[in-house]
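The figures that follow rest on heavy atoms only: side chains count, while hydrogens, waters and symmetry mates do not.
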Number of protein chains: 2
Amino acid sequence: MGLTKAEIFTEKQNKLAQMMKALAHPARIAIIQHLLKAQACICGDLVEELGLAQATISQHLKELKTVGLIQGTIEGTSVCYCIDPKVWKQFRAAFDTFFEPYFNKDTCC
Amino acid sequence: MGLTKAEIFTEKQNKLAQMMKALAHPARIAIIQHLLKAQACICGDLVEELGLAQATISQHLKELKTVGLIQGTIEGTSVCYCIDPKVWKQFRAAFDTFFEPYFNKDTCC
DNA sequence: TTAATTGATTGTAATATTGCGATGAATAAG
DNA sequence: CTTATTCATCGCAATATTACAATCAATTAA
């Protein structure tokens, strides 16, 4: 196995899990945080900022791009990355919806 | 390799990534959602609710317990699970803090 | 006591993830 | 044209994750 049984869950559950997974690595958290601060930056900046090899950064950027959270535009020989505002808001909304339905009760089983 | 280089990131980045990872699987999303609805339930209910084997559910419960998001109390031969309100709020606060610093700009690179 | 129920744990197989060196493609600089 | 720069991609090795059957421990029911 080692393969998630996606077919037994709802579309929403799979999507939300996928969003979480996209951010489930400190390097990707760090990349997003840097993009939040810098507004936009090239791949090389991230390689210096974090202490990971260029190939590794490129791979993390690809995962973030796959879920649509960031986008990159080629500028000559370098690539400029930035957060996609629309997808960012979608993420935030989905996370909010997930955390919302908690009716405050401090007692448990 | 296959091992995250946690030492090059901040405590906060590692913690947040860990929180995301705890929820980065549809089964664990589904478990939490069921606990939100049912308030509390035993392991066997989850095995029926989701279509996964008991051992698999038990493993996912363990991961959620490890990050403190849920707790289980033994009731005879069964175990009753519920969400820990304190940790739940911590999660929500951490997620909020992460998503907050986005100054709305619809133009990108 | 004996048998049944419940859930944790162990072991195993399959797949995914992480990280990086090496290489390749594209553009810029000389 | 040649070289340098920048980043993506490929391939590899190590580790992690997912899923489950089998088993174990604890409790309850008979």
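The two atoms that bring F98(A) and I32(B) nearest to each other are CZ-CG2, 3.5 Å, heavy atoms only. Contact record, Q13(B) with I29(A): CG-CG2, 4.0 Å, taken as the closest heavy-atom pair. Contact record, K65(B) with G72(B): CD-N, 4.4 Å, taken as the closest heavy-atom pair. The two atoms that bring T4(B) and P26(A) nearest to each other are CG2-CG, 3.7 Å, heavy atoms only.
For the segment residues 18-31 of chain A, the set of residues with a heavy atom within less than 4.0 Å of an atom of DNA chain D is empty. Residues of residues 55-70 of chain A having a heavy atom closer than 4.0 Å to DNA chain C, listed by number: A55(A), T56(A), Q59(A), H60(A), E63(A).
Between the side chain of T77(A) and the base of dT5(D), at least one donor-acceptor pair of N or O atoms lies under 3.5 Å.
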Side-chain atoms of residues 40-64 of chain A: list all donor-acceptor pairs with protein atoms under 3.5 Å, sequence neighbours left out, distances to 0.1 Å.
unit_1, atom_1, unit_2, atom_2, d
H60(A), ND1, R28(A), NH1, 2.9
E63(A), OE1, R28(A), NH1, 3.2

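Counting non-hydrogen atoms of other residues, nucleotides and ligands closer than 6.0 Å to CD1 of I8(A) gives a total above 12. For E7(A), the CD atom counts as densely surrounded, since its 6.0 Å shell holds more than 12 non-hydrogen atoms of other residues, nucleotides or ligands.
When the nearest nucleotides of DNA chain D are assigned to F9(A) and D45(A) by heavy-atom distance, the more 5′-ward of the two goes with D45(A). The residue among S78(B) and L3(A) whose nearest nucleotide of DNA chain C is located toward the 5' end is S78(B). Mapping A6(A) and G44(A) onto DNA chain D by nearest heavy atom places G44(A) closer to the 5' end of the strand.
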> Between D96(B) and R92(A), is a side chain to side chain contact (heavy atoms under 4.5 Å, CB included) present by the stated rule, with each step listed?
Replying inline: CA-CA 8 Å; D96(B) 258 21; R92(A) 178 159 208 182; 4.2 Å; yes
> Under the side chain to side chain contact (heavy atoms under 4.5 Å, CB included) criterion, do L23(B) and F91(B) qualify, and how do the steps go?
Replying inline: CA-CA 11 Å; L23(B) 296 170; F91(B) 266 50; 4.2 Å; yes
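Taking the 5' to 3' direction, DNA chain C first and last meets chain B under 4.0 angstrom from a heavy atom at dT5(C) to dC20(C).
Between the D84(A) side chain and the Q71(A) main chain, no donor and acceptor come within less than 3.5 Å of each other.
I42(B) comes within 4.0 angstrom of the backbone, heavy atoms only, and of no base.
By the 30° and 60° cut-offs, the orientation of the rings of F95(A) relative to F99(B) is perpendicular.
Note: M20(A) CE to M19(B) CE = 11.0 Å, rounded to the nearest 0.5 Å.
The ring-ring contact (aromatic ring centres under 6.0 Å, His included) check on F9(A) picks up nothing, with sequence neighbours excluded.
In the helix from dT1(C)-dA30(D) to dG30(C)-dC1(D), the end axes, each obtained as the rotation axis mapping the C1' atoms of four pairs onto the next four within a five-pair block, lie 10° apart to the nearest 10 degrees.
When rounded to the nearest whole Å, the span between CD of E48(A) and P of dT5(D) equals 14 Å.
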